[in-house]
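Everything numeric here is computed off the predicted structure, so don't read it as measured data. By convention here, the first residue in the shown sequence is residue 1.
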Amino acid sequence: EGHKPVKFTLEAARYVVTKRKLLYASLTLISLKAMVDLLIEYIPMYYRDVGVQIRFVPLVLFIGNAITIVLFWHGTKVAGLIKRRELTFVAVLLAVFLASKFGGTIAAALGIFWFIRFTRILYVFEEGEIQHMYISKYRATMTSINSMVIRLVMAIGMVSIGFTATRFDD
């Protein structure tokens, strides 16, 4: 009786591993969500590091969320453009974000701002696509597993960032 949830979870995980497209989508979702959540955790420090006064961070976040709502409203058009070249789009956004760090305060603030906005849109559409790929029997279980793996990846990322920051702190 007690082994049924474990057996079911393993069965659901096996199902995902055997479906190549579903496995790719799940790994993309996990990577995307963990990366964005890590960035969001460190936004106040990032803004401080690039010269934005910390008192303006909530205002910038509010504006960002408002823009995200507008982008979601027109999301199907935006997602259609993004989905054609998803990996390329994320790579370009990441490159712009990394390059913006060296372009001054405004460039750095805009770089992370746009990177997070578009990756959030990608995440929502990717999650919706995955939900349609799961058979209903495994949908809730795999959503929970994905969420747990995202948190695990985030925890590893935070420990890594903390270790690196303390190791190479000036």
Side-chain angles (χ1 to χ4, degrees), residues 1-46 61-62 64-98 111-167:
E1 190 73 31
H3 291 67
K4 283 185 181 181
V6 173
K7 184 179 176 184
F8 183 77
T9 302
L10 290 174
E11 186 180 311
R14 258 191 308 274
Y15 171 77
V16 170
V17 171
T18 61
K19 306 294 182 193
R20 189 176 189 101
K21 186 175 180 181
L22 184 56
L23 179 61
Y24 168 76
S26 293
L27 293 175
T28 301
L29 180 79
I30 289 166
S31 304
L32 196 61
K33 180 69 169 151
M35 177 179 55
V36 169
D37 285 357
L38 273 170
L39 282 172
I40 289 169
E41 282 292 322
Y42 289 101
I43 277 181
M45 288 179 270
Y46 176 83
L61 292 175
F62 171 78
N65 289 334
I67 289 173
T68 302
I69 290 168
V70 171
L71 289 173
F72 278 133
W73 189 264
H74 300 287
T76 53
K77 293 175 192 169
V78 174
L81 295 171
I82 294 171
K83 290 298 283 179
R84 286 190 208 115
R85 299 277 182 236
E86 183 176 323
L87 189 57
T88 304
F89 188 76
V90 171
V92 167
L93 275 175
L94 184 58
V96 167
F97 162 61
L98 293 173
I112 195 169
F113 177 87
W114 286 112
F115 180 74
I116 288 175
R117 298 301 152 234
F118 280 105
T119 50
R120 277 183 165 179
I121 289 171
L122 274 175
Y123 171 76
V124 168
F125 285 101
E126 196 72 37
E127 187 176 42
E129 189 174 296
I130 286 175
Q131 293 298 323
H132 288 87
M133 285 190 231
Y134 290 136
I135 58 175
S136 59
K137 178 179 176 182
Y138 300 131
R139 189 170 291 129
T141 301
M142 290 314 302
T143 301
S144 296
I145 289 172
N146 280 348
S147 181
M148 181 184 69
V149 172
I150 288 167
R151 296 296 166 218
L152 180 63
V153 170
M154 274 190 58
I156 292 167
M158 287 182 162
V159 168
S160 300
I161 290 170
F163 175 76
T164 305
T166 57
R167 181 103 165 108

For the residue pair Thr141 and Phe8, what are the closest heavy atoms and their distance?
OG1-CE2, 3.0 Å
Say you draw a straight line from [atom1] of [X] to [atom2] of [Y]; how long is it, rounded to the nearest 0.5 Å?
{"X": "Thr9", "Y": "Lys4", "atom1": "OG1", "atom2": "NZ", "result": "13.5 Å"}
{"X": "Arg167", "Y": "Ser160", "atom1": "CZ", "atom2": "OG", "result": "13.5 Å"}
{"X": "Met142", "Y": "Leu29", "atom1": "CE", "atom2": "CG", "result": "10.5 Å"}
{"X": "Thr28", "Y": "Lys33", "atom1": "OG1", "atom2": "NZ", "result": "15.5 Å"}

Does Glu127 have any salt bridge (charged side-chain N to carboxylate O under 4.0 Å, His left out) partners at least two apart in sequence or in another chain, and if so, which?
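Applying salt bridge (charged side-chain N to carboxylate O under 4.0 Å, His left out) to Glu127 gives none.
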Of all residues at least two apart in sequence or in a different chain, which pass the salt bridge (charged side-chain N to carboxylate O under 4.0 Å, His left out) check with Lys19?
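Here no residue qualifies.
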side-chain contact (heavy atoms from CB on, under 4.5 Å) partners for Leu23, two or more places apart
Val16, Leu27
Output all residues satisfying side chain to side chain donor-acceptor pair (under 3.5 Å) with Tyr15, sequence neighbours left out; order by chain, then residue number.
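Not a single residue meets the side chain to side chain donor-acceptor pair (under 3.5 Å) criterion with Tyr15.
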List the atom pairs, with distances to 0.1 Å, where a side-chain N or O of residues 143-159 and a protein N or O form a donor-acceptor pair under 3.5 Å, not counting sequence neighbours.
unit_1 : atom_1 : unit_2 : atom_2 : d
Thr143 : OG1    : Gln131 : NE2    : 2.9
Thr143 : OG1    : Arg139 : O      : 2.8
Ser144 : OG     : Ala140 : O      : 3.1
Asn146 : ND2    : Tyr134 : OH     : 3.0
Arg151 : NH1    : Asp37  : OD2    : 3.2

